[in-house]
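Some notes on the structure that comes next.
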There are 2 protein chains.
Amino acid sequence: MTKPSTQACCPPAEPMPPVPRDPLEADAQLARLAKAIAHPARVAIIRLLVRQEGCIVGDIVEELPLAQSTISQHLKQLKEAGLIRGEVDGPRVCYCVEPGAVALFKTLVEAL
Amino acid sequence: MTKPSTQACCPPAEPMPPVPRDPLEADAQLARLAKAIAHPARVAIIRLLVRQEGCIVGDIVEELPLAQSTISQHLKQLKEAGLIRGEVDGPRVCYCVEPGAVALFKTLVEAL
DNA sequence: CCTGCCAATCGTATATCGACGATGCACGCT
DNA sequence: AGCGTGCATCGTCGATATACGATTGGCAGG
């Protein structure tokens with residue numbers, strides 16, 4: 001097994017999520033995270049990555065009815081929001097969720 | 001008590017939240033709700049209404065550093081997303097959260 | 001009835017989003 | 001070394017978001 005297929009990326013990830021204590025900061029953080037998933041395509045991408053059904057960009061492109069460049073843009077937005085991480089794995093790029101960020105988002109939403 | 005002050009609006013609200021079963025529909029719904037709170041001002045408004053610290057538009061306008069017309073726009077977006085409800089109370093308008101919609105949002109986020 | 005006030009709406013300017021095709025860049029392979 | 005593949009970035013376009021001041025509309029009070 002020199003090639004562990006498609007799940008060799010980002011295994012343990014962050015240990016825990018940071019939580020802002022300033023209320024205004026929390027509002028801004030929640031708004032930022034919400035904006036990141038405020039599009040059906042990005043929700044679908046997050047779901048795909050959480051379910052581990054694909055981690056490679058090519059798989060995502062095949063799953064969604066959007067152009068490759070568009071997918072790349074959505075991935076960029078998700079990455080900038082800190083919700084996902086991307087690692088270069090040879091000629092491909094492997095994306096996976098940042099569990100801490102997702103947990104933080106859930107916490108902030110629950111605190112509404 | 002002919003004038004029960006500022007909390008006479010939308011008391012019992014909806015009994016329960018509807019939950020979409022179609023995955024694509026769920027994605028769209030989550031994206032729509034997320035977009036509604038994808039702005040710090042709207043997050044702040046939701047928090048104000050949840051904490052019942054104000055229900056009248058004038059109170060919200062005084063709390064946030066934004067013009068009255070801008071607040072009104074944000075309220076409109078939140079209302080169109082189904083997250084809040086507005087009732088005319090004499091010359092004023094009373095807004096409050098739609099608990100069912102908030103619960104649905106929390107459920108959808110938790111299901112990520 | 002006319003005149004307040006409070007909130008919604010209109011009109012506008014600027015910035016960002018969302019989509020695509022075309023191009024650029026880095027990596028493996030032969 | 002050269003080539004092909006896979007993803008990111010650029011440039012563009014229309015649509016939408018965000019903010020404000022100005023105006024309109026509805027509801028009590030004089």
Review point. If only side-chain N and O atoms of B:Tyr95 are considered, is one of them under 4.0 Å from the OP1 or OP2 phosphate oxygen of C:dC6?
Key: no

**Study point:** Atom pair distance, as rounded to whole Å: CZ in A:Arg85 and C1' in D:dC7
**Key:** 19 Å

Point to revise | Rounded interatomic separation in angstrom, taking CD1 from A:Ile45 and P from D:dC7 | key: 13 Å

Revision key, fill the gap. Closest of C:dC17, C:dC20, D:dA8 to the A:Val93 side chain is D:dA8

Check your understanding: OP1, OP2 of C:dA19 versus side-chain N and O of A:Thr70: anything below 4.0 Å?
Key -> no

Exercise for review: Counting heavy atoms from C-beta on, name the nucleotide in C:dA8, D:dC7, C:dA7 closest to the side chain of B:Ser72.
Suggested key: C:dA8

Study note, to complete from the structure: Whole-Å distance, B:His39 NE2 to D:dA19 C1', equals 9 Å

Point to revise | Atom pair CG (B:Leu78) and CD (B:Glu80), whose distance is rounded to the nearest 0.5 Å | key: 10.0 Å

Check your understanding: Mapping A:Leu66 and B:Val57 to their closest nucleotides on DNA chain C, which lands nearer the 5' end?
Key -> B:Val57

Check your understanding: Whole-Å distance between C:dT16 C1' and A:Arg42 CZ?
Key -> 12 Å

Point to revise | Distance below 4.0 Å between B:His74 side-chain N/O and D:dA17 OP1 or OP2 | key: no

Check your understanding: Are any of the side-chain heavy atoms of A:Ser72 and A:Val61 separated by less than 4.5 Å?
Key -> no

Check your understanding: Of B:Ile45, B:Val102, B:Val97, which is the lone residue that meets side chain to side chain contact (heavy atoms under 4.5 Å, CB included) with B:Leu83?
Key -> B:Val102

Point to revise | Whole-Å gap separating P (C:dG21) and CD (A:Gln73) | key: 13 Å

**Study point:** Atom-to-atom span, NZ of B:Lys76 to C1' of D:dA19 - whole angstrom
**Key:** 15 Å

Check your understanding: Ignoring hydrogens and geometry, is there a side-chain-to-backbone donor-acceptor pair from A:Arg42 to A:Ala36 under 3.5 Å?
Key -> yes

Review point. To the nearest Å, how far apart are B:Ile37 CD1 and D:dT18 P?
Key: 13 Å

Review point. From the list D:dA8, D:dA19, C:dC6, which nucleotide is the closest neighbour of the side chain of B:Arg92?
Key: C:dC6

Practice item. With DNA chain D as reference, determine whether A:Lys35 or A:Ile71 sits nearer its 5' end, using the nearest nucleotide of each. Key: A:Ile71

Check your understanding: What about B:Gln68: does its side chain form a donor-acceptor pair under 3.5 Å with the base of C:dA8?
Key -> yes

Review point. Hey, what do you get for OH (B:Tyr95) to CD1 (B:Ile71), rounding to the nearest 0.5 Å?
Key: 11.5 Å

Exercise for review: Please state how far atom CG in A:Leu75 lies from atom P in C:dA19, giving the value in whole angstrom units.
Suggested key: 13 Å

Point to revise | Nearest-neighbour nucleotide for the A:Pro91 side chain, D:dT18, D:dG21, C:dG28 considered | key: C:dG28

Check your understanding: Should B:Gln77 be listed as having a side-chain N or O under 4.0 Å from OP1 or OP2 of D:dT18?
Key -> yes

